[in-house]
Amino acid sequence: MDFKRKKGQASGLPASQTKKLRGDWDDDAPSQFEEELAFMDEVEAEMAMELSEGQLSADVLPVGKLISDNIPPKWLRPPVSLTDPKEQTLCFQQVELDHYVGSHVSGMLGATQGPVPIIRMFGITEEGNSVCCHIHGFAPYFYVPCHTGFKQEDLSDFKKELNSAVIKDMRSNKDSISQAVLAVDVCHKENMYGYHGKKIIPFMKITMALPRLIAPAKRLLEQGLRFGRHPTHCYQAYEANIDFEIRFMVDNDIVGCNWIELPAGKYRLRKESQDEGPSKENPSKVSLAQIEVDISWADLISHPAEGDWQKIAPLRVLSFDIECAGRKGVFPEPDKDPVIQIANMVLRQGEKDAFIRNVFTLGTCSSIVGSQVLCFDREDALLKAWADFVRTIDPDIITGYNIQNFDMPYLINRAQTLKVPNFPFLGRIRSMKSVIRDSSFQSKQMGRRENKVINTEGRVQFDLLQVLLRDYKLRSYTLNAVSFHFLQEQKEDVQHSIITDLQNGNEQTRRRLAVYCLKDAYLPLRLMEKLMCVINYMEMARVTGVPLSYLLSRGQQIKVVSQLLRQAMKQDLVMPVVKSEGGEDYTGATVIEPLKGYYDVPIATLDFSSLYPSIMMAHNLCYTTLLQSGSIDKYGLSPEDFIKTPTGDCFVKASIRKGLLPEILENLLCARKRAKTELKKETDPFKQKVLDGRQLALKVSANSVYGFTGAQVGKLPCLEISQSVTGFGRQMIEKTKQLVESKYTLDNGYKADAKVIYGDTDSVMCKLGVQTVGETMEIGREAAEWVSSHFTPPIKLEFEKVYFPYLLINKKRYAGLYFSSSANTHDKMDCKGIETVRRDNCPLVANLINTCLQKILIDRDPMGAVEHAKDVISDLLCNRIDISQLVITKELTRTADEYAGKQAHVELAER
DNA sequence: TGGACATCCTAA
DNA sequence: TAAGTTAGGATGTCCA
């Protein structure tokens, strides 16, 4: 290798001496982070005896030009013990899958002519070996209903006609496909949209040669196809819009990140390419995975994530960060500004610390205890070595902070500028160049989001910034702010503006930069651990059945589609393709008109738990139970067979047909209950985390089913369902208010007339007229139980908490002291919708309002709040504004914004 | 100056 | 080609 290695040694210079050696830039003691790094070395030294990993093995010798030959042993994966595929089964946890178009491999299932789709699965064995599995013979398909008068003997004519239509439709046919339609079979299915008297009708299952042929075939059939003696007929397509990977997973009971077993004798091991070249019989390895195999789709076994199969393989997680030497005041540009450092941390999932810690530097750099320092004279050598490093350590998950939109594209563009050979091959497929694509992703939920996408086949990019943007609402998303928020820890203190100066200094100043860079690679790992990202995302993938990477690259709908298809398949129900067009919005939830004011009495809060899912379950609301106009007469249904919802839509009862959606929801909520019980019993903290991640994923999934039916620009909108759900919800909150106010009265022997002072969607706030929190809790519990009895199970009203005191400012704006675990002490001060929780105010306003609320609610000193507000303002404006009211508005916000706003902008501009 | 409308962000 | 829902407050902008 063309670089010098400087290994930081645990027995190196004591901290006090290192300090003296440093340049002018460094006037502070070694940071806590440096001590942490050093400590990791010590821990490792102790464990060194036990480490079995890291010995060079014959199975992972260098691969052509993509990997250099002088490899630190630690970087390698453990040696492969699999030698005899006839005798040994191969089990691995799949973490990523995709498909490609290749040619038939003899001995495998599937078409023997022309291009064929091949599913490619990447995963890790329990021993930590990487696996690439080519799965053969699975072909894409969709359905159309047979038209009336269709006979079995028409099939071959139909197939021929469709085949030639599809081929004629192709603009070019460079693969010279002659068999676009592989098969047409009649099968009996039912449309899941609407109740049709449970009538199974004949459908044609049309199997195509390639996934990309589905769309034209569907289009041609919709436009109308004529064949044989039949007149032209327009067909409606079913399940023609399902991603090929999802189709494969659903059909084979595979869920994201589950374990796959390849039985002995059923799979074939690929070898490194030999001189005689690849043969059809035995294709050679195309990936960098240690184990590469071929199998027919029908031979693999998928294990549901239960019992022992809940385990997680020792995935390798790489976190990295780069530094560029930008020009003063200009954002670095890859065609001008060099990459000067790349810091890397590699962790085995489940372990506490990274086992590889290093930093690639341009120019010399003093040693850092706890980290390897790899120095390079030339930038192109640095980049080449880094790409080699990535391919060698072979990560399953790549993380970092904003790597997707900054670090990765920058490296690729920079390498291109410098013409670094073989740089942009960062995935597991040797021939696949990693390229940058722009993608814009738009949804009502997240607005328009422009992103860069870089393909790294077989490795999941798990950009922590993207995770945080999706899952957390934060004031600031800088790595510094986020680290402080979750870890109470900060970045190493290096101003962006001095990075270039540090680089141009000496090996000590570059060392300081390296420590900073290392910390930026380290923090994302810490955050992932703290927020349990890998575990939670894996559980979400397992619960919803989609690949891990979909969770970050796709929206909410795909998760519901995946579950819906799985449930539908069991009952021979098929999903229609609907053209989505935005229409009229429907009515949502009721917000009870608040009786605004300051309440110095306990207020009980009663909530319907999982309101929308329980409504759908209680009333059997589903696509499959929906009665479209005329259906009641058509199927001779009597009034006791169906219900009419508050919006006038009709659905058959479960006694006639049990809906898919209620079934899905029951499964999710039952599984959640199970996970929670298991969680209570579990003592192993790691398994606890897994279970907690699971119960959360189950809850979130249940709640997104309603949103799916209401998504008008979606895969299968059904406004009858969603508006019925909100309709029931509106009725229920009204009824709850009435019930509470009618029972808890003086006339009925209670201490006072109860009053519902506010309520939103699924909750009511009740003034019960008793003076203590304890009494309020007692009556609240009783009331919740009594009200519940008026509704169909599993609908349940629960007592949740008492607010005392309670400040009700407006709809969706209130604050109060929150009592739930104890009647004596409050758990927290709860603020909803107020400036303190909004991110469109400067922190000054949030803090001011927060302090005011504390004074009012905790100190019970409203005048103190006014005084405080006055003080703050006079600090700012020398008393020019007269505040006579408690409610602070516009004037202050705007003034404070001007004051603090600039700072906020600087922060935002950082990345 | 006030109303219509857009934008942002939250509650649920 | 892909995108969960509506309600609603606070504020900002435009225009008669």
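Nothing here was measured: the structure is a model prediction, and the numbers come from that model. All chains are named by letter (A, B, ...) in the order of the sequence lines, taking the proteins before the strands, and each is independently numbered beginning at 1.
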Determine the Euclidean distance between corresponding C1' atoms of B/dA12 and C/dG4; express it in Å to zero decimal places. 14 Å
With heavy atoms under 4.0 Å as the rule, sort A/Val725 into base, sugar-phosphate or nothing. nothing
With heavy atoms under 4.0 Å as the rule, sort A/Asp243 into base, sugar-phosphate or nothing. sugar-phosphate
Among A/Phe142, A/Tyr141, A/Phe138, which one satisfies ring-ring contact (aromatic ring centres under 6.0 Å, His included) with A/Phe244? A/Phe138
Could you list the donor-acceptor pairs under 3.5 angstrom formed between side-chain atoms of residues 537-546 of chain A and any protein atom two or more places apart in sequence or on another chain?
| unit_1 | atom_1 | unit_2 | atom_2 | d |
| --- | --- | --- | --- | --- |
| A/Tyr537 | OH | A/Asp471 | OD1 | 3.4 |
| A/Tyr537 | OH | A/Asp471 | OD2 | 2.8 |
| A/Glu539 | OE1 | A/Arg694 | NE | 2.7 |
| A/Glu539 | OE1 | A/Arg694 | NH2 | 2.9 |
| A/Arg542 | NE | A/Cys257 | O | 3.1 |
| A/Arg542 | NH1 | A/Gln310 | O | 3.0 |
| A/Arg542 | NH2 | A/Cys257 | O | 3.1 |
| A/Arg542 | NH2 | A/Lys311 | O | 3.1 |
| A/Thr544 | OG1 | A/Met540 | O | 2.7 |

Rounded off to whole Å, could you give me the NZ-to-P distance for the A/Lys832 and C/dA10 pair? 17 Å
Would A/Phe486 and A/Tyr472 count as a close aromatic pair, with their ring centres under 6.0 Å? yes
All heavy atoms of A/Leu97 vs all of A/Ile119, minimum pair found to be CD1-CG2, 4.1 Å
So, taking the atom named CD1 in A/Ile856 and the one named OG1 in A/Thr851, what distance separates them when rounded to the nearest 0.5 Å? 10.5 Å
N/O donor to acceptor pairs below 3.5 angstrom from side-chain atoms of residues 603-619 of chain A, sequence neighbours left out:
| unit_1 | atom_1 | unit_2 | atom_2 | d |
| --- | --- | --- | --- | --- |
| A/Ser614 | OG | A/Ser610 | O | 2.9 |
| A/Ser614 | OG | A/Leu611 | O | 2.9 |
| A/His619 | ND1 | A/Ile615 | O | 3.4 |

So for the helix from B/dT1-C/dA16 to B/dA12-C/dT5, with five pairs setting each end axis, what is the inter-axis angle to 10°? 10°
Rounded to the nearest Å, what distance is computed from the CE atom of residue A/Met616 to the C1' atom of nucleotide C/dT5? 12 Å
Atom-pair distance (CD on A/Gln563; P on C/dG4), nearest Å: 14 Å
Rounded to the Å, how far apart are A/Lys559 NZ and C/dG4 P? 9 Å
To the nearest Å, give me how far apart CZ (A/Phe708) and P (C/dT5) are. 11 Å
Aromatic ring pairing A/Tyr814/A/Tyr758, orientation class (parallel under 30°, perpendicular over 60°, tilted between): perpendicular
Between A/Pro117 and A/Ala209, the two heavy atoms sitting closest are CD-O, 3.0 Å
Going 5' to 3' along DNA chain B, which nucleotides are the first and last within contact of chain A (any atom under 4.0 Å from a heavy atom)? B/dC8 to B/dA12
Separation of C/dG4 C1' from A/Tyr550 OH (nearest whole Å): 18 Å
Tell me which of A/Thr726 and A/Ile558 sits closer to the 5' end of DNA chain C, going by the nucleotide each one is nearest to. A/Ile558
Rounded interatomic separation in angstrom, taking CG from A/Leu716 and P from C/dA3: 14 Å
Whole-Å distance separating the CG atom of A/Leu551 from the C1' atom of C/dA2: 16 Å
With sequence neighbours excluded, what pairs up with A/Ala846 under the side-chain contact (heavy atoms from CB on, under 4.5 Å) test? A/Arg475
Heavy-atom closest pair (A/Leu808 atom, A/Ile757 atom, distance to 0.1 Å) is CD2-O, 3.6 Å
For A/Tyr706 and for A/Ala215, locate the closest nucleotide of DNA chain C by heavy-atom distance; then report the residue assigned to the nucleotide nearer the 5' terminus. A/Ala215
Pick base, sugar-phosphate or nothing for A/Tyr758, based on heavy-atom distances below 4.0 Å to the nucleic acid. nothing
Between protein and nucleotides 7-9 of chain C, what N or O pairs are separated by less than 3.5 Å?
| unit_1 | atom_1 | unit_2 | atom_2 | d |
| --- | --- | --- | --- | --- |
| C/dA7 | OP1 | A/Gly588 | N | 3.0 |
| C/dG8 | OP1 | A/Lys811 | NZ | 3.0 |
| C/dG9 | N2 | A/Arg838 | NH2 | 3.0 |

Kindly check if the number of other-residue, nucleotide or ligand heavy atoms within 6.0 Å of NZ (A/Lys737) is above 12? yes
Please work out which of the three classes, parallel, tilted or perpendicular, describes the rings of A/Phe819 and A/Phe804, given edges at 30° and 60°. tilted
